[in-house]
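So that the names make sense, note that chain A is the first sequence line, chain B the second, and so on, each numbered from 1.
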There are 2 protein chains.
Amino acid sequence: MLSKLFAKRIKTQNPSRLQGLFPESNFSDNISFGGGCPDESLFPSQALQAAYQKAVDQEQAHSFQYHDVKGPGTLRDYLASRARQQGIKANADDILLTAGGQQGLDLVAKLFLGAGDEMAVEAPSYVGALSAFDNYEPVYHEIPLEDDGVNLDYFEEVLKEHPAIKLFYTVPDFHNPTGITISLAKRQRLVDLANRYDFVILEDTPYRDLRYHGESLPSIKSFDTEGRVIFLSSFSKILSPAFRLGWLVASPEIKEQLVNLKLSADLEVPYLAAGTVAAYLADNDLDQHIDQLKQVYRVKLDAMAKALKTYLPADAKISQPEGGFFFWVELDDEIDTRQLLLNEAVPKEHLIYVPSASFYPNWDKNNGLRVNFTGSSLSQIDEGAERLGRILSPAQTASGSTSPALASARSMKELSA
Amino acid sequence: MLSKLFAKRIKTQNPSRLQGLFPESNFSDNISFGGGCPDESLFPSQALQAAYQKAVDQEQAHSFQYHDVKGPGTLRDYLASRARQQGIKANADDILLTAGGQQGLDLVAKLFLGAGDEMAVEAPSYVGALSAFDNYEPVYHEIPLEDDGVNLDYFEEVLKEHPAIKLFYTVPDFHNPTGITISLAKRQRLVDLANRYDFVILEDTPYRDLRYHGESLPSIKSFDTEGRVIFLSSFSKILSPAFRLGWLVASPEIKEQLVNLKLSADLEVPYLAAGTVAAYLADNDLDQHIDQLKQVYRVKLDAMAKALKTYLPADAKISQPEGGFFFWVELDDEIDTRQLLLNEAVPKEHLIYVPSASFYPNWDKNNGLRVNFTGSSLSQIDEGAERLGRILSPAQTASGSTSPALASARSMKELSA
């Protein structure tokens with residue numbers, strides 16, 4: 001009844017892209033390849049507890065007061081120095097702390113996008129980014145991916161035809177959901193395109209430091225000549241998601257507006273989170289911690305690669321990520337991974353993955369799925385891939401009739417992301 | 001240069017409503033009546049540190065993982081029970097935790113307001129709320145205030161003329177900035193108007209528990225018959241702003257959409273903040289803590305009332321709040337409190353207040369100002385009011401010519417909120 005008062009941006013008929021991405025299942029033998037959860041056993045819990053204590057001891061009662069919208073200076077100093085090590089010109093003033101990378105996506109969308117404004121996205125694209133962008137009602141242009149990243153010849157044709165495109169969103173390192181990394185040459189050409197066709201690049205890098213094989217590439221931002229690249233990152237995957245701390249590096253003109261938008265969104269990041277992380281970084285070597293993560297995740301990535309190859313049908317196209325959190329699987333055109341999730345995977349195999357539709361602006365590609373490998377144990381990886389293989393076996397995918405109860409809108413929201 | 005790519009909502013010519021509201025001044029004898037800061041000495045620092053420890057001990061490594069978007073169940077149970085004690089029908093499922101009350105304002109605006117959508121606000125209104133609403137480009141209808149709250153006869157005439165009004169925003173208890181409290185009869189009539197003219201009420205109550213004189217009144221939400229009232233509150237003023245924790249109570253249809261918007265804004269509140277507050281509430285009596293705040297703030301309120309009466313010009317109209325954080329002062333029509341802030345208050349008297357223009361949708365009322373009394377000591381209250389009196393003395397206000405350096409756009413942003 002009240003829904004008629006909602007703003008036009010609210011599409012009540014669409015399922016949420018994000019609800020259910022981290023579902024709490026009731027099955028005791030549940031295996032979730034769904035959300036991008038880090039391995040809990042790797043959180044440096046004791047060091048973080050000590051850091052909280054230190055943060056409060058340093059500031060005393062003032063810890064619990066309001067602070068600066070941009071976040072603690074010591075933390076921004078650290079992040080600027082980290083950015084400079086990667087060839088990005090930045091000082092503490094160019095950094096804005098955000099409520100996780102997710103808020104960076106929302107604020108940048110709020111700054112650039114209004115109803116009908118044109119933007120380009122990789123297809124597929126990170127579900128959380130689309131979820132943030134959707135609310136500002138942009139017109140999406142979908143740019144397909146190749147093995148070395150976004151197809152730039154295609155993109156340039158789109159730019160010629162649609163010169164009003166003002167924003168391009170990319171996850172260049174271990175792309176979410178496909179795991180693809182953009183080549184060096186394409187990174188440089190992207191900046192060139194942005195300069196020539198007058199658009200801004202949002203470079204989203206939550207997985208950038210998590211490379212398990214091969215050599216790291218310079219960030220797109222490091223080639224930025226006109227302040228057109230916004231570099232976004234997060235502590236969620238390399239330290240802990242429970243602080244909800246991300247950061248972005250942007251040129252002054254852009255950062256100034258993002259600060260205003262951050263103020264009107266939530267005033268500031270919680271000092272008790274930012275101060276704790278700042279204290280942790282003062283007393284611990286983050287890169288050493290990341291090396292530990294990489295050792296464990298490298299083994300998991302290799303295990304998932306092997307298990308998917310072993311159990312999935314021979315014609316399944318499986319990505320070959322060198323880092324990050326995800327594999328991407330493409331299947332026969334007739335297969336609907338959303339229906340399979342609801343009718344087979346969850347009720348029969350107690351397995352969760354994210355079906356491909358959520359990763360497309362128009363929810364129109366149903367034959368793919370994303371699996372996470374960092375949040376599961378090695379035995380869960382093997383067992384889960386075997387279950388996935390059973391679900392995707394020709395007999396199953398042919399027989400998959402829709403169960404009305406499970407395919408209800410509510411179940412879709414709870415289960416399908 | 002890149003500003004031409006910004007969305008239409010971005011008004012680069014307007015100063016930020018919020019930047020500089022909590023300025024760090026370089027003057028050692030600075031007195032700030034600006035932001036709504038609690039008295040730091042009243043934070044239960046030790047109990048909150050113990051609570052953090054307990055929250056992490058309870059969940060172990062899982063503390064540092066992703067959690068439920070709605071916030072911890074124990075905390076929502078507590079808040080639902082607190083709401084029921086106030087006559088609001090609510091259970092844990094009706095509660096959504098937000099990043100401070102500020103995010104509640106942003107999410108509700110995002111749910112209801114698009115460009116050109118009509119809403120009604122009290123005039124003046126909370127600067128942070130206007131700052132959030134501005135981004136969704138509503139058409140504002142300003143409803144004047146009387147001593148017992150918003151003028152409902154006037155409001156009803158506006159509703160007759162503008163039946164498309166879909167949202168009304170109010171701070172019914174110790175209104176920000178005026179300190180006014182809406183009478184019982186008007187609270188009931190507001191719900192009646194909402195039902196008859198088909199709009200939603202956003203009831204913002206960060207100061208509701210902080211009454212220092214007189215008797216508490218039922219919330220507007222407690223009279224809600226059609227799920228049209230969204231009750232919003234916050235731990236910022238009654239516990240600590242540094243956790244950035246607020247909450248709202250809404251009917252299922254509304255709450256469901258707000259959950260989706262929360263997900264796409266920042267996924268969830270930081271568990272390390274919400275879990276800490278939940279653990280604090282399990283081991284401590286919040287109402288007892290609030291009683292301690294009230295004892296101290298009552299003395300400060302009385303001191304500020306006396307000091308303003310003593311030092312301000314006889315024709316200044318000073319509000320008489322019975323609770324909350326603020327006094328409101330209205331002056332001669334010719335006085336421009338923004339110019340006085342920049343030319344007199346900050347450079348000469350080292351005093352900060354918030355000029356009235358920020359509290360009006362169109363920045364068009366310049367003869368008022370807001371002073372906070374909770375964040376200053378008793379001697380600062382007296383000294384600051386004396387400085388304010390000097391600034392507002394007829395000789396000063398007549399001579400106040402504009403200093404070009406200080407009146408630059410940059411200074412406006414830094415100093416004037």
Side-chain angles (χ1 to χ4, degrees), chain A residues 2-3 5-10 16 18-19 22 35 37 40-41 43 45 48-49 52 56 61-67 99-100 102-103 106 110-115 117 128 131-132 135 166 200 227-228 240-244 253-254 257 259-261 263-268 270-273, chain B residues 2-3 5-10 16 18-19 22 35 37 40-41 43 45 48-49 52 56 61-67 99-100 102-103 106 110-115 117 128 131-132 135 166 200 227-228 240-244 253-254 257 259-261 263-268 270-273:
Chain A
L2 293 171
S3 62
L5 298 179
F6 293 166
K8 268 204 279 281
R9 70 173 59 83
I10 307 298
S16 162
L18 289 172
Q19 250 191 84
F22 307 93
C37 287
E40 275 181 33
S41 70
F43 294 134
S45 306
L48 287 167
Q49 276 188 272
Y52 179 91
V56 175
H62 190 59
S63 310
F64 299 96
Q65 188 58 280
Y66 288 102
H67 287 74
Q102 187 64 36
Q103 188 182 44
D106 185 55
K110 210 174 197 174
L111 176 56
F112 289 101
L113 302 175
D117 283 348
S131 156
N135 290 323
K166 46 162 77 173
V200 166
R228 289 182 180 278
S240 154
F243 294 104
R244 309 304 310 124
E253 189 179 10
I254 290 173
Q257 294 300 328
V259 166
N260 287 340
L261 292 175
L263 276 167
S264 58
D266 59 5
L267 293 185
E268 63 190 50
Y271 173 76
L272 290 166
Chain B
L2 292 172
S3 62
L5 298 179
F6 293 167
K8 267 203 278 281
R9 70 173 60 83
I10 307 298
S16 162
L18 289 172
Q19 250 191 86
F22 306 94
C37 287
E40 276 180 30
S41 70
F43 294 134
S45 306
L48 287 168
Q49 278 189 269
Y52 179 90
V56 176
H62 190 60
S63 309
F64 298 96
Q65 188 58 280
Y66 288 103
H67 288 75
Q102 186 65 35
Q103 188 182 44
D106 185 55
K110 210 174 196 173
L111 177 56
F112 289 100
L113 302 176
D117 284 348
S131 157
N135 289 322
K166 46 162 76 173
V200 166
R228 290 183 178 278
S240 154
F243 294 103
R244 308 303 310 124
E253 188 178 13
I254 290 173
Q257 295 299 329
V259 166
N260 287 339
L261 292 174
L263 276 167
S264 59
D266 59 6
L267 294 185
E268 62 190 49
Y271 173 76
L272 290 166

Proximal component of A/Leu113, with respect to chain B [non-hydrogen, under 4.5 Å]:
backbone

For A/Ser131 and B/Ser264, the nearest pair of non-hydrogen atoms, with its separation, is OG-CB, 2.8 Å

Those residues that, when tested against A/Phe6, pass ring pair (Phe, Tyr, Trp, His ring centres under 6.0 Å) (two or more places apart)
B/Phe112

Chain B contact via A/Phe43 - which portion, at a heavy-atom distance below 4.5 Å
side chain

Between B/Glu253 (side chain only) and A/Leu2 (backbone N and O only), is there a donor and an acceptor less than 3.5 Å apart?
yes

Apply side-chain contact (heavy atoms from CB on, under 4.5 Å) to residues B/Lys110 and A/Asp106 and explain how you reach the verdict.
CA-CA 12 Å; B/Lys110 210 174 196 173; A/Asp106 185 55; 2.8 Å; yes

Where do A/Leu263 and B/Gln102 come nearest, in terms of heavy atoms and distance?
O-CG, 3.7 Å

Quick one: CG on B/Leu272 to CG on A/Leu48, what's the gap to the nearest 0.5 Å?
8.0 Å

Stepwise, does the side-chain contact (heavy atoms from CB on, under 4.5 Å) test hold for B/Asn260 with A/Ile10?
CA-CA 10 Å; B/Asn260 287 339; A/Ile10 307 298; over 6 Å; no

Selection from A/Arg9, A/Arg228, A/Lys8 maximising heavy-atom pairs under 4.5 Å formed with chain B
A/Arg9

What are the two closest non-hydrogen atoms of A/Pro241 and B/Phe64, and how far apart are they?
CD-O, 2.9 Å

Closest non-hydrogen atoms of B/Ala61 and A/Ser45, given as atom of the first, atom of the second and distance, are CA-OG, 3.9 Å

Main chain of B/Cys37, side chain of A/Gln65: is a donor-acceptor contact present, judged purely on distance under 3.5 Å?
no

Given A/Gln103, A/Lys166, A/Glu40, the one with more heavy-atom pairs under 4.5 angstrom with chain B than any other is A/Glu40

For A/Tyr271, what residues pass the ring pair (Phe, Tyr, Trp, His ring centres under 6.0 Å) criterion, not counting sequence neighbours?
A/His67

Tell me, out of B/Ser3, B/Gly100, B/Ala273, who's got the most heavy-atom pairs with chain A below 4.5 Å.
B/Ser3

